[in-house]
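All chains are named by letter (A, B, ...) in the order of the sequence lines, taking the proteins before the strands, and each is independently numbered beginning at 1. Since the structure is predicted, the reported quantities are computational estimates derived from the model, not experimental observations. Values reported hereafter were calculated over all heavy atoms of this structure, with side chains retained and with hydrogens, waters and symmetry mates removed.
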Amino acid sequence: PLSVSPAADPAVISPQDPTLLIGSSLVATCTVSPDFPLKAEDLYWTLNGRRLPAASYAALGPSTLSVALARLNGSRQQSGDNLVCHSRDGGILAGSCLYVGLPPEKPVNITCWSKNMKDLTCKWAPGTEGETFLHTNYTLKYKRRWYGQDNTCQEYHTAGTYSCHIPKDLALFTPYEIWVEASNRLGVAVSDVVMLDILDVVTTDPPSDVHVSRVGDLEDQLSVRWSSPPALKDFLFQAKYQIQYRVEDSSEWKVVDDVGNQTSCRLAGLRPGTVYFVQVRCNPFSIYGSKKAGIWSDWSNPTAASTPRSERVVGGCDPKGGEQNTTLRRELKQFFGWVKKHAYGCSNLGIKLYDQWRVWLQKSHKTRNQV
Amino acid sequence: GDSWGIFTFLCAALCNLPALPALNCSEELGAGQSIQQTYDLTRYLEHQLRTLAGTYLNYLGPPFNEPDFNPPRLARAERVPSATVDLDLWRGLTDNARLAANYRAYSRLLCYLRVLDRQVGTAELRHRLAHFCASLQGLVLSIGGVMSSLGYPLPAGPAAPPAPPGAPAASNDFLKKMDDFWLLKELQTWLWRSAKDFNRLKKKVPPAVVTLRLEARGF
């Protein structure tokens, strides 16, 4: 193969880097530069590394060889199919990238949400066909209804591949028109226009300071308290909350739906001596009297708590062990109280941590015995 | 049984109290240490490049991702600095010249890679390229650090390499693919060569002087 070439290209292919619809046919020609001592019969073609049959060649001149390609499939890679003209010994003389595909489909399912009325994030899905074999560019555009100017979203991929984030300069109490344009080498497709008011798609942060604690000695209840999300505290709105909880070794969440506007709730009917994981989320509906439902926030980080263990013996429990447990526990509680007062950096130590450790111990005993 | 467990728990919890004397260590890195770090960085980049090149060449498609692919190096591809050099010439390089060659090469290669980053199609590739460029930037800075610690001036030069006259940027998409191929090849060759360059430098520069100062804070 040739390793060093003079300044001029050894050969020229036509068409150079064409764009074609799937199923179309193409005749390409390779013309060797006059500086090169090669003739049409010294050449051959490959497409994506595979040699094309000589039957599809035709010599159009002393140093020009053509190839006929029929019913082209979609490009093997988005960077284009590699059609290459070679000299007899395999050396590359010239190449052309073929872009074979379909025009884009209309993007669909545009959904948007605003975090605390400060910004707007939208996501969409490509049209049903999906695979166009060509690189497709998506542009999200928006404008205030009745005000002429189109704006283009700049920050893409913030919430997945097909998403865009508008960080500022959004007006409230005015409808926005939002749409997505998909374009590739073969054309453009525009989605349907979505109309919305920022206030109708508000979401917020999950509630902060979620605390789960026991209700005295009640073995089947836990009390959940939280704070309303601070970011929206200045705005008049009613919030709805939802709580979900599960036992430690289960993946089934139980949902408490009718929590309303309160910031506390008592869970009842729980199992004694069990560790529960609890999460809370918030929906800031009816901001400034908007009639639409808001958008639920993410769930808060799970908070763990355990219900008190039953004091009475339940078939098979060692009564002596139970007694020792209560005295030990009381002592431990006192110890932790003292530690908190006399050593800094220990605020995580407490009877709760001990409870969680006990559950862990139970679990690891169980798995050890199972072996 | 239970009591042993509780004892372990308490020990673990207590160990987090600020009761232990704190150790304050400070080391002074000699040039020897920086050379070692630079060497390690070239090996890491070599490893990263293998994955990046594999993905990128698959994106370019066959024949670019075929193992024995060897396209012509056209005049325009000469813009990318070549790592291959005569063996005696390489042996005879002064430390300064050796370091400067590396510094200049990677600065130029980084520029070309960044251009690639802007034009590439898939999100996965862009992400990998961005990561690689960040690491390569780290290598350039590391080499600069070694040169400074040895008292050598950093090679001057324009931030973006000027195109040599008579060799325009790739005029069609296929030629651009070939340029990309050779860029990755040269990067690979340079990383192999740099490992040898820094190995050689390691032997010539005295080992680092490391001092540890311990301060114990009473409880």
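In terms of non-hydrogen atom pairs under 4.5 Å with chain B, the most contact-rich of A:Arg50, A:Gln78, A:Arg76 is A:Arg76.
Under the 3.5 Å distance criterion, the side-chain polar atoms of B:Lys177 are matched with a main-chain donor or acceptor of A:Ser79. With hydrogens and angles ignored, the 3.5 Å screen pairs no side-chain donor or acceptor of B:Asp173 with any backbone N or O of A:Cys97. At distances below 3.5 Å, at least one donor-acceptor pair connects side-chain atoms of A:Asn82 with backbone N or O atoms of B:Leu60.
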Mind running side-chain contact (heavy atoms from CB on, under 4.5 Å) on B:His127 and A:His157 for me, showing each step along the way? CA-CA 12 Å; B:His127 179 77; A:His157 320 301; over 6 Å; no
Before you tell me yes or no, could you show the steps for A:Asp9 and B:Leu175 under side-chain contact (heavy atoms from CB on, under 4.5 Å), namely the whole-Å CA-CA distance, both residues' side-chain angles and the distance that decides it to 0.1 Å? CA-CA 10 Å; A:Asp9 293 333; B:Leu175 287 174; 4.2 Å; yes
Evaluation steps, side-chain contact (heavy atoms from CB on, under 4.5 Å), between A:Ile92 and B:Phe69: CA-CA 10 Å; A:Ile92 292 179; B:Phe69 185 57; 3.5 Å; yes
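Within the 4.5 Å cutoff, the side chain of B:Phe174 has no heavy atoms near those of the A:Leu98 side chain.
Neither the backbone nor the side chain of A:Tyr156 comes within less than 4.5 Å of any heavy atom of chain B. If you measure heavy-atom distances from A:Asn48 to chain B, the contacts under 4.5 Å come from both the backbone and the side chain.
Every salt bridge (Lys or Arg N to Asp or Glu O under 4.0 Å) that B:Arg43 has, sequence neighbours left out, goes to B:Glu46.
A:Gln77 and B:Tyr59 make their closest contact through CG-O, 3.4 Å (heavy atoms, listed as atom of the first residue, atom of the second, distance).
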